[in-house]
Structure formats: structure tokens, C-alpha cells
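Down below is the structure, laid out as C-alpha cells.
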Amino acid sequence: MASARTARTVGPAGGAETPTGVRTSVWTGGPSCVAAVLLLTAALPKLLSYDARTDEHAERLRAFRAADTDRTG
């Protein structure tokens, strides 16, 4: 129901079309999507190797939270 109501108010392009038209949106959106997928694919090995136990930011955050818990009881 919600999607049917939204489609009627937003329009057939879902509000994503640019002032230059739907065709321009399709031709710019496609390559943008491909570029985003390629960037995520390149970052995937680093994302998979993340370990919160050895990350210095995560260690500082744990220490901060532990000190805050000690202080507030």
C-alpha cells in the first residue's frame, strides 16, 4: 500500500529524474552505480581484514567507555 501511494505522489521516475530528463538520469546513474561497485570491490579485502581487537581506534573507544562506566557507576 505504501509503495503504491508513494508512486502516485512522486511520479513514474520516483523523483530521481534530473531536470534534463529520464534518459540523462539513466545514463549517468548506470555508470555511477558501476563506479560505486568497483570502489567497494577494491575496498573489500581491507574491509574483510578489519579486526576490532587490534584496531587502535576501537581500543581507545573501549577504554573511553570503560572509564565512563566506572565514573557513572
*asked:* Through direct or indirect side-chain contacts below 4.5 angstrom among Ile, Leu, Val, Met, Phe, Trp and Tyr, which residues connect to Leu48?
replied: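 Leu44, which link up through side-chain heavy atoms under 4.5 Å apart, make up the rest of the cluster.
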*In the hydrophobic clustering (ILVMFWY, side-chain contacts below 4.5 Å, transitive), which residues join Leu38, or is it alone?*
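Hydrophobic cluster check, Leu38: joined to Val34.
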*Which heavy atom of Ala52 sits nearest a heavy atom of Ala58, and at what distance?*
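Reported closest heavy-atom pair: O-CB, 3.4 Å.
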*Going by the salt bridge (Lys or Arg N to Asp or Glu O under 4.0 Å) test, which pairs reach into residues 24-44, not counting sequence neighbours?*
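As it turns out, there is no salt bridge (Lys or Arg N to Asp or Glu O under 4.0 Å) pair with a partner in residues 24-44 once direct neighbours are skipped.
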_Inter- and intrachain pairs under side-chain hydrogen bond (donor to acceptor under 3.5 Å, both in side chains), touching residues 39-53, at least two apart_ =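 Those involving residues 39-53 are Asp51-Arg53.
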*Is there any side-chain hydrogen bond (donor to acceptor under 3.5 Å, both in side chains) pair reaching into residues 56-65, and which pairs are they, with sequence neighbours excluded?*
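Of all non-adjacent pairs touching residues 56-65, none passes side-chain hydrogen bond (donor to acceptor under 3.5 Å, both in side chains).
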